[in-house]
Structure formats: C-alpha cells, structure tokens
Amino acid sequence: MKSSRLKHAALYLGKEKYWIFCVGCVKMTKENYHRIKTGHPANIMIEKGGGVKQKKMICSLQTAAWLALFLVFTGLNLLARSFEAFTNWYRLHVFPVWTGTLGRLSNLFSGSVGEVLIVIGVCYAIVGVLLLPVAVWHVVKYKKAGGVQKKRRAGGWYMRGLCWILLYVYGTETLNCYMLYHASTVETQYYDIAKDYGSQELVKAYTKVVERANSLAGQMQRDNNGYAVYGGSRQALYEQCKQAMQAQGGRYPYLSGYYPDPKPIRASGFMSQQHLLGIYFPFTMEANYNTVMYPVNVPATVCHEFAHLKGIILEDEANYFGFVACIESDDLYLQYSGYLSVLGYLARQVRSSVPQDVRRELAQPSAQVQADDVFLTDRQWEQVEQKAVLPTETVNQATDVFLETNLTMNGVEDGIQSYSRVVRLVVHYIMEEKGTPGQRAQERRFYNDAKRRAGKGAVSGRV
C-alpha cells in the first residue's frame, strides 16, 4: 500500500493520530510518521491496535486446535494399543467411514492422488530448506524492523502450514493405519490357534498350490513375449478384483462394502527399485499398484491392497486375503495370480523345514510356472536400471529400513519377516477347505442368494 493511500485513511482520535488498516489500528509514532513521509509504509512499527490483538487471538486458536487434535489422535492410538475389543469395533464400524468418504473423493481422479501429494510435500520441504539460509541472511543484513518482521511473517506462514500438514499425516496414519495394528488377527478369530501344523500339513499345502498353478499355467492367455496377460480391459480386471473381495464379506464382515478403483503408480520404476508390488496410502485411502511388474502379479497385489482399505493392516493377513479372494474367484487369471502369490513363501518354508529326500518326491512347479513366478523379468529389470537415478541396492536398503522401523514401532516384532507368516494362514485354509475353489465360490453364491431371498442376509460361515 502506498503512502498516498495511507493518508486518505487517516483518522484523528483525540490527541493521537491513528492510521486505519483492514486488520486494525496503528499508532502514529514519530518513527512511523517518518517512514510514511519517506515513502516506506511497509516498515511501520506496530505498537498497538486491534489488528495485532486479533492476529494473536487467531494464532492462539490455531495452536489450541492443533494441540487438541494431536492429543485426540494420540489418545486414540493409546486406546487402540490397550483395548483390542475397541480396535475391533473401530475397524468394523468406524473405519469404513474413511473408505467411503476419503476413498470416494480420491476415486474422482484417475491417477494416484497420494503420489501427487507426496511430490508436493517433497517440493514443500525443499523450498523450506532452500529459503532458510536466505531468510537468515536477510535478518542479519537488514536490521530494519519492518524487513525483519516481513520475513518473520513469511516464515511463520510456512511453519504453520508445515505443522498442519504433519498433523494431517499423523492423524490419517493413526486412524487408517497405526490403530489397526492392534486389532484381533485372522488366525485368532477364524482358526483354531491351538491346532499347529507340522511338515506333513506344510507339504500338503505346498503340493496343492503347485498342482493348481501347474494346471492353470496352460490356460492363460499370453502376449507375443509369452507373458500371462488378462483377456479383458483394465477396468474389467478391477471389477473382478472388487467382486472377489466383496465375496469374502460373508465370512469376514469387514471386507464387505465399497471399494474404489486401484491406482497405477506413475513412478513404478522407482517403486520397482524398492521391490514393492503395491502400496497403500492412508492419507488418501488409495490402493496403488506397480505397473512395471510382471502382469500376473496385478490381481493378487490389488486384492492385497484392497485388504488394507478394509482395515487389514498386517502384511501377512493382507497376503492371505489376496490369496483367498483370488483363488475363490471364478476368473482363472485371478486364481493363477493367487496361487503364484504364495508359492514363493511356501517353497522357502519347505526348503527350510522339510528333509531333502522328501523334497525330491514332491510335485515341482512347471517351467512355465517358474517363468511366471517373478517380480520383474530380466528385460523389465534392464529398463528399470536404465532409467534409475539412484542405485537400486541403495533404494532397496533404505526401503527395508523404513519398513522394518515402521513395523517394529507398531508392535510387529519380527518386522519384514512377518510377511512370511502368511504360510501359517495358507496351511490353515487348505487344511479346512472342502471342494475346489470354483465349487466353493458357486456354493457360497447359492447360499447367499437363498438367504437374501429369505430376508436373512448372507451366510457367515464357509461352505
């Protein structure tokens, strides 16, 4: 605002002259009068006025609101750690609200909103780091109060924005991730944990998975490179994955309801360097997947990430639901993806706990299954390495450290090794299963339809 405009805003109150601004009054001291006369109104020193008090009150309210929300989120986190029954209730009744609101909002965009927000956040942090020395240099070089005050004002806005961003991340991570680590596990809720399995049960499960994978491998549609590909559109594949997960809602109530579309990650090359097939963003309620990985990994990965959207936050349990949802689907491509998703875990367990002479007699994956059971092909790895900015080994190690720290901080003592606990769940499942996956899916639909017609809802048990 120029000094000429300030003069038109002059108001005399008694013996003291005040200048009126949109935020309040500024006392006319000799220093301020000199600054206006010399054409530097921006350097006015505010000594008193309603605007200053109003600004202080607004800042105090913002601080109080920030602290109150922080305490609420922290309290909920502590409550979830202390009372498993509360966490189970929250997952079943409250958590679906976030999927149905924030998930629907994110679903309005075809790309991953979370990926865009991460990029914005990184840029925001870089700007802060770059401007910090500039602000310090300005304060040191220019001793005029107005200039210092202006820079402080800009720094204040930046820090307030940063604090609210961090609070949003902390809040959404708490509500959509941290609390859910303390819910009851699938094994304790649906299986007899006192009934442990031995080598015989493990071999049976491994043999079942290998035989089904070998059978399905020859039924897959393949492209010119020999890759197993889906015969329909990408949206059709999404719908098949949604239906497969919703079909599990009969036995697992928290899996029923709304599912947004999975989001392809643009930076899938960098994601591949981290050896990540998919990722769940709690702050946007999105299930994201790697577009570079071998195609047959997509269905099981999408169902895995969908499980996170329903409050299944433990990785071994998400692996389990990705497996079960896929193999119980009518779609052969989903079935094949489901069996391949656990084959590696079972094979490693067999190698470590079954004698070699017994292993020689077991069914072996066919050459085609072994070719399909990969994260990336050699050609895909070459393409990733050509575009890589950072060494893959460095990126992968940093990701492992982050995941290990995040899991152990949330009570998962064995960290990344917990992924392999899916073997226990798969063995439990196969030991209790009856009939083929297609038969069980058909029977479930028959009984659910019958119950709906009778007005009694879906059956809750496995048939």
Side-chain angles (χ1 to χ4, degrees), residues 91 95-96 98-100 102-107 109-115 117-118 172-173 175-177 180-181 183 186 230 234-235 237-249 252 254-268 270-272 274-327 329 331 333-334 337-338 340-342 345 375 399 402-403 406-407 416 418-419 422 425:
R91 178 171 65 179
F95 182 76
W98 315 137
T99 306
L102 189 55
R104 289 180 189 273
L105 182 62
S106 299
N107 199 45
F109 304 89
S110 59
S112 175
V113 178
E115 184 179 18
L117 292 181
I118 290 175
T172 52
E173 288 283 345
L175 297 174
N176 304 333
C177 184
L180 301 168
Y181 276 104
V186 173
Y230 189 65
R234 184 168 65 177
Q235 189 61 42
L237 180 59
Y238 294 168
E239 294 303 321
Q240 285 291 334
C241 292
K242 292 179 186 179
Q243 292 174 16
M245 292 296 292
Q246 289 169 340
Q248 297 299 317
Y252 311 101
Y254 38 74
L255 296 182
S256 59
Y258 169 76
Y259 286 88
D261 287 341
K263 302 294 185 68
I265 291 290
R266 290 183 178 273
S268 289
F270 181 67
M271 194 174 177
S272 298
Q274 303 172 71
H275 290 79
L276 294 178
L277 291 87
I279 188 169
Y280 159 61
F281 290 152
F283 47 92
T284 56
M285 294 303 290
E286 290 177 303
N288 306 270
Y289 67 92
N290 186 332
T291 60
V292 175
M293 66 183 176
Y294 191 70
V296 80
N297 291 314
V298 172
T301 299
V302 168
C303 290
H304 172 113
E305 303 305 329
F306 275 166
H308 289 322
L309 288 178
K310 292 301 179 178
I312 306 301
I313 215 66
L314 294 175
E315 294 297 334
D316 58 312
E317 296 186 350
N319 284 339
Y320 168 75
F321 284 119
F323 163 73
V324 172
C326 283
I327 70 167
S329 168
D331 192 293
Y333 192 73
L334 266 69
S337 179
L340 290 183
S341 70
V342 299
Y345 293 113
F375 172 42
T399 303
F402 171 78
L403 292 175
N406 182 61
L407 290 169
I416 295 177
S418 65
Y419 284 56
V422 67
L425 295 172

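Numbers for residues simply follow the sequence, beginning at 1.
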Taking the side chain as every heavy atom from C-beta outward, state whether Tyr280 and Asn176 have any pair of such atoms under 4.5 Å apart. yes
For the residue pair Ile312 and Arg91, what are the closest heavy atoms and their distance? CD1-NH1, 3.5 Å
If I compare all heavy atoms of Gln248 with all of Ala325, which pair ends up nearest, and what's the gap? NE2-CA, 4.0 Å
Spacing of OG1 belonging to Thr301 relative to CZ belonging to Phe375, to within rounding of 0.5 Å: 8.5 Å
Once you round to the nearest 0.5 Å, how far does CG of Asn319 lie from OG of Ser341? 7.0 Å
Taking Glu115 for the side chain and Ala267 for the main chain, is one N or O donor matched with an acceptor at less than 3.5 Å? yes
What's the verdict on side chain to side chain donor-acceptor pair (under 3.5 Å) for Gln243 and Glu239, showing C-alpha distance, side-chain angles and the deciding distance? CA-CA 6 Å; Gln243 292 174 16; Glu239 294 303 321; 5.0 Å; no
Give the minimum heavy-atom separation between Glu286 and Val113, together with the two atoms involved. OE2-N, 2.9 Å
So do the side chains of Met293 and Ser268 get within less than 4.5 Å of each other, counting heavy atoms only? no
Between Asp331 and Tyr230, do the side chains contain a donor N or O and an acceptor N or O under 3.5 Å apart? yes
Nearest heavy atoms of Gly311 and Phe95, plus distance in Å: N-CE2, 3.1 Å
Check the pair Val422, Phe323 against side chain to side chain contact (heavy atoms under 4.5 Å, CB included), reporting the backbone distance first and the verdict last. CA-CA 9 Å; Val422 67; Phe323 163 73; 5.7 Å; no
Please round to the nearest 0.5 Å and tell me the distance separating atom CD of Glu317 and atom NE2 of His304. 11.0 Å
Nearest heavy-atom contact between Asn107 and Asp261 is OD1-N, 3.0 Å
Determine, step by step, whether Asp316 and Leu425 satisfy the side chain to side chain contact (heavy atoms under 4.5 Å, CB included) criterion, reporting the C-alpha distance in whole Å, the side-chain angles of both residues, the deciding distance to 0.1 Å, and the verdict. CA-CA 8 Å; Asp316 58 312; Leu425 295 172; 4.2 Å; yes
NE2-CZ distance between His308 and Phe281, expressed to the nearest 0.5 angstrom: 12.0 Å
With a 4.5 Å cut-off on side-chain heavy atoms, are Tyr333 and Pro295 touching? yes
Give the ring-plane orientation class for Phe306 versus Tyr259, where under 30° counts as parallel, over 60° as perpendicular and anything between as tilted. tilted
To the nearest 0.5 angstrom, please state how far the CD atom of Gln246 sits from the NZ atom of Lys242. 8.0 Å
Side chain to side chain contact (heavy atoms under 4.5 Å, CB included) involving Pro96 - partner list, sequence neighbours excluded: none
Could you tell me whether the side chain of Tyr252 reaches within less than 4.5 Å of the side chain of Ser256, counting heavy atoms only? no
Which heavy atom of Cys326 sits nearest a heavy atom of Cys303, and at what distance? SG-SG, 4.0 Å
Could you walk me through whether Arg266 and Ser112 pass side chain to side chain contact (heavy atoms under 4.5 Å, CB included), step by step? CA-CA 8 Å; Arg266 290 183 178 273; Ser112 175; over 6 Å; no
Expected output: side-chain Asn288 to main-chain Ile279 donor-acceptor under 3.5 Å: yes
For a 4.5 angstrom cut-off between non-hydrogen side-chain atoms, does Tyr289 reach Leu277? no
For Met271 and Val292, what are the C-alpha separation, side-chain angles and deciding distance, and is it a side chain to side chain contact (heavy atoms under 4.5 Å, CB included)? CA-CA 9 Å; Met271 194 174 177; Val292 175; over 6 Å; no
Can you find a pair of side-chain heavy atoms, one from Val296 and one from Leu340, that are under 4.5 Å apart? yes
Tell me whether Lys263 contacts the main-chain N or O of Ser106 through its side chain, where contact means a donor paired with an acceptor under 3.5 Å. yes
Check: Ser272/Asn290 side-chain N/O donor and acceptor closer than 3.5 Å: yes
Phe321 ring centre to Lys310 NZ or CZ under 6.0 Å, with the angle to the axis within 45°? no
Quick one: CE on Met285 to OH on Tyr258, what's the gap to the nearest 0.5 Å? 10.5 Å
Beyond-backbone contact of Leu309 with Pro260, side-chain heavy atoms, under 4.5 angstrom: yes
